[in-house]
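Because the structure is a prediction, the values reported are computed rather than measured. Note that these values count all heavy atoms, side chains included, but never hydrogens, waters or copies made by symmetry.
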Amino acid sequence: MLNLNTMAMNVALPGIGRDFGGSTAGLQWIVDAYTLMFAALLLSAGALSDRIGASRAFGAGVAVFTVASAACGLAPGLGELIAARLVQGSAAAIMLPSSLAFVRQTFPDAAERARAIALWTVGGAVAVAAGPVAGGVLSSTVSWRAIFIVNLPVGIATLAVLTRAERSQRRATPLDPYGQLTVIVALAALTFAVIDGGENGFGEPAVLGCLGLAAVSTAAFIMIEARAAAPLVPLDLFRSRTVTVSVAIGFVVNAAFYGLVFVLSLFFQDVLNLSAMAAGLMFLPMMAVIAGANLASARAAARFGPRMPIAIGQAVFALALFGLLWIDEGTSRPVIAAMLIPVGLGLGFFVPSLTAVLLNDIAADRAGMAAGVLNSFRQTGGALAVAVFGALVADRGEFIVGLRVALCVAALMLTATTAAALMLPRGRS
């Protein structure tokens, strides 16, 4: 549900824009309303799951996500859709860590648990690959609203099965509400400033005010975390070079990938005039190779250590983006689809090793927290990239120029983090 919605949504954006008369800024908020809440709440979702029990947290998340999906599908206007997406993203942040914790608790046997987690991972990978095609098919044959409505029977069935599952135990896990609040304010203010600045200019008082609010909220967050007894993000995590580099790579990679998918979805439909279904099929070769690259990454990490696939995967991703700088209205559609394959190969080759190298460097009792920080930074990178890249292509008369600037920025960031990856441990995972 989570991954399918994320990927399918991008393909449906031009259709939503036509129905609601939304600008590029409005389309950016449809994506970022979800991603921002997902990113911000991931930091405390694991602690909340422990506090109320993974099964209860997962059930509550599924119920809210299902209701929010219905609200998205029935939204009469852009504002209502964005509000429902905020709720969807909040529910998704609860669902993701609680679902994995629930799987771990349900299978005490290590071998069975490994198979269950593998199945959990495969479900997400399949959804990522199928998302753009599913979004294109549903948008073209039914409506973009069907992308959300299809969640209803899945959510109801999930809740029905959940009633037969064993309840998880609760643990007295402390929360950090003030840290959580300042994270939400900082991310929301920064995203608003970037999106509104791209549309109306960065000298506007509202934009400058939001930039100031983001800076103040970030400073407040750091002060709170430094003094909190149970901080949302223990700042001493970043004394580890491995943690700092891994988080930076995660941020940049998601920024490059989600920013790319966002702008290319608009390019395929608004510039090349492809249907939503055809636009979804353009992403299929890129998505199809990710699972195979994941497997190759695991083998390479076992033989050479995780640093090698992390560096090589990013380098391939960056080179693919540099290659895409030459596409325009006259480029053959099959050629563009083929040029996206190295993106999927690079992405799939290093992401599993990135998680592994982080967890290998962290004590077992902090692994969940470290993984939450990594995933939160990854989601934040995606949200800010949609805001920045969307601003670059907001002028439809200069869309190709903005697209090339966005691709160049992403490729240069990946080049920098490829070099940073050489600072990671070389040892085998």
Please check this pair: side chain of [X] against backbone of [Y], looking for a donor-acceptor N/O pair closer than 3.5 Å.
X	Y	value
Gln269	Leu274	no
Ser98	Met95	yes
Arg85	Ala33	no
Asp176	Gly179	yes
Ser376	Leu43	no

Would you mind writing out the side-chain donor-acceptor pairs for residues 129-139 within the sub-3.5 Å range, not counting sequence neighbours?
unit_1	atom_1	unit_2	atom_2	d
Ser139	OG	Gly135	O	2.8

For residues 405-416, tabulate all N or O donor-acceptor pairs below 3.5 Å that involve a side-chain atom, not counting sequence neighbours.
unit_1	atom_1	unit_2	atom_2	d
Thr415	OG1	Ala411	O	2.8

Stepwise side chain to side chain contact (heavy atoms under 4.5 Å, CB included) check, Ile94 with Phe65: CA-CA 10 Å; Ile94 302 300; Phe65 191 92; over 6 Å; no

Results of side chain to side chain contact (heavy atoms under 4.5 Å, CB included) for [X] - residues two or more places apart only:
X	value
Ala71	Ala84
Leu181	Val185
Phe238	Val233, Val243, Thr244, Val247, Val373, Phe377
Ala68	Val87, Gln88

Quick one: side chain to side chain donor-acceptor pair (under 3.5 Å) partners of [X], sequence neighbours excluded?
X	result
Thr6	none
Gln314	Thr417
Gln180	Ser44
Asp196	Asn200

Answer yes or no: is there a side-chain heavy-atom contact under 4.5 Å between Phe267 and Ile336?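 Phe267 reaches Ile336 side chain to side chain.
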
Residue pair Leu208 / Phe202, side-chain heavy-atom distance below 4.5 Å: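 A side-chain contact under 4.5 Å is absent here.
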
Distance-only donor-acceptor pairs under 3.5 Å for side chains of residues 253-264, two or more places apart:
unit_1	atom_1	unit_2	atom_2	d
Asn254	OD1	Arg378	NE	3.1
Asn254	OD1	Arg378	NH2	3.3
Asn254	ND2	Arg378	O	3.1

For a quick test of reading the model, state the closest non-hydrogen atom pair linking Leu266 to Pro14 and the distance between them.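 Taking Leu266 first and Pro14 second, the nearest heavy atoms are CD2-CG, 4.1 Å.
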
Can you give me the closest heavy-atom contact between Thr191 and Leu187, atom names plus distance?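 Answer, listing the atom of Thr191 first, then Leu187: OG1-O, 2.8 Å.
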
Audit row: Tyr178, Phe221, ring-ring contact (aromatic ring centres under 6.0 Å, His included) steps and yes/no: CA-CA 8 Å; Tyr178 299 111; Phe221 172 74; over 10 Å; no

Give every residue pair that meets the ring pair (Phe, Tyr, Trp, His ring centres under 6.0 Å) criterion with at least one member in residues 23-52, sequence neighbours excluded.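 Found Tyr34-Phe38.
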
